[in-house]
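One structure is given below, encoded as structure tokens.
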Amino acid sequence: MRARVGDRLVVEGPRDDVPRRTAVVTDVRGRDGAPPYQVRWVDEDRETLVFPGGDAHIERGPESPAEE
């Protein structure tokens, strides 16, 4: 998983009754875009440090170039 500042981290809910969560990446702490990520959760307006698991993926932000 690779991210840039401004990308969105999407964490899928583990069950159908648990909604997905979305956060905006505000800082990349790993090398070359790797986790961990400092993120601002959209639904809570707070920041946390995240080590994403297998239920997470990155969506490119509007200003991030596409992966080559």
Side-chain angles (χ1 to χ4, degrees):
M1 178 178 299
R2 302 277 183 245
R4 296 180 179 110
V5 171
D7 288 348
R8 292 187 178 269
L9 175 70
V10 179
V11 181
E12 300 296 337
R15 301 182 314 268
D16 289 340
D17 62 333
V18 178
R20 71 174 21 194
R21 295 192 69 204
T22 303
V24 176
V25 177
T26 59
D27 189 25
V28 177
R29 304 274 178 98
R31 297 180 107 180
D32 299 321
Y37 306 123
Q38 185 77 26
V39 301
R40 177 169 296 279
W41 295 102
V42 174
D43 61 344
E44 293 183 10
D45 196 35
R46 71 180 179 101
E47 286 199 18
T48 59
L49 185 63
V50 177
F51 293 80
D55 59 344
H57 65 273
I58 296 294
E59 293 180 354
R60 292 285 167 226
E63 296 184 17
S64 290
E67 289 286 320
E68 305 208 10

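Listed here is the closest heavy atom pair of Tyr37 and Ala3: OH-N, 3.5 Å.
The closest side-chain heavy-atom distance from Met1 to Leu9 is below 4.5 Å.
To the nearest 0.5 Å, the span separating OG1 on Thr22 from CD on Glu59 amounts to 7.0 Å. Note that CZ of Arg40 and OG1 of Thr48 are 10.0 Å apart. Values are rounded to the nearest 0.5 Å. Rounded to the nearest 0.5 Å, atoms CZ (Arg2) and CG (Asp32) are 6.0 Å apart.
With sequence neighbours left out, the salt bridge (charged side-chain N to carboxylate O under 4.0 Å, His left out) criterion links Asp43 to Arg21.
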Checklist line | side chain to side chain contact (heavy atoms under 4.5 Å, CB included) between Val5 and Thr26, worked out | finding: CA-CA 5 Å; Val5 171; Thr26 59; 5.6 Å; no

Margin query: Is there a side chain to side chain contact (heavy atoms under 4.5 Å, CB included) between Val25 and Arg4? Walk through the geometry before answering.
Written below: CA-CA 7 Å; Val25 177; Arg4 296 180 179 110; over 6 Å; no

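Other residues, nucleotides and ligands contribute more than 12 heavy atoms inside 6.0 Å of the CG atom of Asp17. Heavy atoms of other residues, nucleotides or ligands lying less than 6.0 angstrom from CZ of Arg8 number 12 at most.
Connection of Val50 to Ile58 is established within a shared hydrophobic cluster, with ILVMFWY side chains joined at heavy-atom distances below 4.5 Å, either directly or through further cluster members. Hydrophobic clustering (ILVMFWY, side-chain heavy atoms < 4.5 Å, transitive): Val39 and Val28 are in one cluster.
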